[in-house]
Amino acid sequence: QRQQRIRNFSIVAHIDHGKSTLADRILELTDTVSKREMKDQLLDSMDLERERGITIKLNAVELHYRADDGQIYIFHLIDTPGHVDFSYEVSRSLAACEGAILVVDAAQGVEAQTVANVYLAIDDDLEIIPVINKIDLPSAQPEVVRQQIEDVIGIDAAGAVLASAKKGIGIKEILERIVHQVPAPDGDLEAPLKALIFDSIYDDYRGVVLSIRVVDGVVKPGDRIRLMNSQTEYEVTEVGVNSPKPLQRDYLMAGDVGYLTASIKDIKDTRVGDTVTSAVNPAANPLKGYREMNPMVFAGLYPTDNAKYNDLREALEKLKLNDAALEFEPETSQALGFGFRCGFLGLLHMDVVQERLEREFNMNLITTAPTVTYDVELAEGAHLKVANPSEMPDAARIKQINEPFVKATIMVPNDYVGAVMELCQRKRGKFITMNYLDDYRVNVIYQIPLAEIIYDFFDKLKSNTRGYASLDYELSASQPSDLVKIDILLNGEKIDALSFITHRQNAQQRGREITARLKAIIPRQNFEIPIQAAIGAKIIARTNIKAYRKDVTARIHTGDPDRRAKLLEKQKRGKKRMKAVGKVIVPQEAFMAVLKTD
Ligand code: GDP
Ligand code: MG
């Protein structure tokens, strides 16, 4: 029976431990991709993923594997991202699987997202197959890592596969393990259709393409389906699998992972986590779905050209189909005009969204500095959520500001514990506890303001520990902090999009740093521009951008034609991501200036 030969599994790991490379080897060994078409990290199909060398999106492919028992098995492999910002992709992938390959780097050992991701899999009752990868490295310590997996994660690693995804060692063994250890799906073929939507993407021709895991029943072209949450009905036009190119199929049945199209043009009808059922013979209850994601950081996104506002809205709606964690709502800024306040899971997520909007939707954007959501208790007792610093009420109206904290778990070799604690302390962290994972590795736990984490905490953590520390964090309760809003004035005018919130202790210094940085970023113009930082009416820092001298421009304008063309070209490129704010031309970097701390 076909269902008995299906195996659905994910690959989970800390970033860079070799998931995508292992997926490559599996694609090769199963002849899913020909030698000629093979390239490194093949499943990272987005340009952005290839350039950055990271997986951003989950990716589901079907493979066929002839096992040692002579049978041909149907594998659905879902590669997942490792970065903490994309753990939502991981949890959705896992819900479509019965098993997970846990990849651990033999030289790096268990790291923060190894633990976070494998626990997601354990919570979903998945069968875990531990793989110790990169055993070809001279610094590999497979036996130490085996012990770590047992001590830190608490699963049996005696039978962990020793592998090198790079050299192709241990791959066959992994595939045999999948056959024998991962259970076949147990869905009921006769029951009414139930399929979980775990991803989607918008296609201009076919409408919304749904990635689904069929749990019960069968679905085929011509069937009337219903999306249970949105209560809308469609006729299926196509079903198929990615292998990794899309392959049309006659049907998908219980246990299958594939795609479905139904000329769904109204984007709002589809949501990941929704259940697809039959309109004729509907299931009684929807599947469990996913827990809603709460964005952690917020920023304003504005088109550099105000006329593109509607295009941006449409682009955000389409991107949201493929990025369920993205949230947005309209906002206006005096300085930047009409745009959207967008919510992200972290800075990398924000960066990826901005880049995808620019590349896939041809948008040209200004992004304001990311901020967290503050809970502001007003003097009269009411609470206000503030996710945009310019909306912070006047100090006189505020009784108390509560800021979000995270519980940060930092795994680090014990030589660097001091450095980590010093950093956490400097970032207003509150020490919670610390425990030894084994003889030389420590888990350090702190409560740290989320705002400090999103600035440059991760970079600092890496540089202070020579790259050895890894970080995982989850939101915990908000706590009162002594915070103030700093406004920035350009040419005497308050620029709402540059306002930011900081701890009172750091206000003076941040004010000085930021005015200095803005001075360096904003190009000279033909008049002098005062830059000021203020708390309420009180100026706490100031500097000036001098007007450019006449003779400098004269030289530019009388230069030889070649040089002049080059300069014009440069100017044109420079105009991209520039915005006239009042009389002053402000480049994109200015809005991010508050992000960096020295
Ligand atoms: P992912 O972030 O988990 O998907 O990791 P990648 O598959 O992108 O691999 C990260 C880096 O580790 C790449 O430079 C790979 O070439 C390298 N890598 C992956 N597997 C091995 C291995 O078995 N041995 C060695 N030496 N390098 C590997
Ligand atoms: Mg990857």
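Every heavy atom of this structure was used, including side-chain atoms; hydrogens, water molecules and symmetry mates were not. Remember, it's 1-based here, ligands and their atoms both numbered in the order they're listed.
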One residue to check: [X]. Relative to ligand 1, which of side chain, backbone, both or neither has a non-hydrogen atom less than 4.0 Å away?
X	answer
H17	backbone
A13	neither
D16	both

Under a 4.0 Å threshold between the charged nitrogen and the carboxylate oxygen, would [Y] count as salt-bridged to [X]?
X	Y	result
R52	D351	yes
E173	R177	yes
D256	R2	yes
K320	E317	no
K460	E452	no

Within the 4.0 Å heavy-atom shell around S164, which atoms of ligand 1 are there?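 Result: 22 (C), 23 (O), 24 (N).
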Here the atoms of ligand 1 under 4.0 Å from any heavy atom belonging to L137 are 26 (N)
Is the side chain of [X] donor-acceptor paired with the backbone N or O of [Y] at a distance under 3.5 Å, no angle test?
X	Y	value
R25	I171	no
T261	V209	no
E111	S470	no

Distance from [atom] to nearest protein heavy atom, with residue and atom:
atom	result
atom 20 (N) of ligand 1	N133 ND2, 3.3 Å
atom 26 (N) of ligand 1	D136 OD2, 2.9 Å
atom 5 (O) of ligand 1	G18 N, 3.2 Å
atom 23 (O) of ligand 1	A165 N, 2.9 Å

Do E62 and N242 come close enough that some side-chain heavy atom pair is under 4.5 Å?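 Result no, sub-4.5 Å side-chain heavy-atom pair not found.
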For [atom], state which one of [options] supplies the nearest heavy atom.
atom	options	result
atom 11 (C) of ligand 1	K166, K167, K134, H83	K134
atom 13 (C) of ligand 1	R25, Q41, E49, Q113	Q41
atom 9 (O) of ligand 1	T21, I135, V103	T21

Whether T21 has an N, O or S atom under 2.8 Å from the Mg ion (ligand 2): no
Would you say atom 3 (O) of ligand 1 touches the protein, meaning some protein heavy atom is under 4.0 Å from it? yes
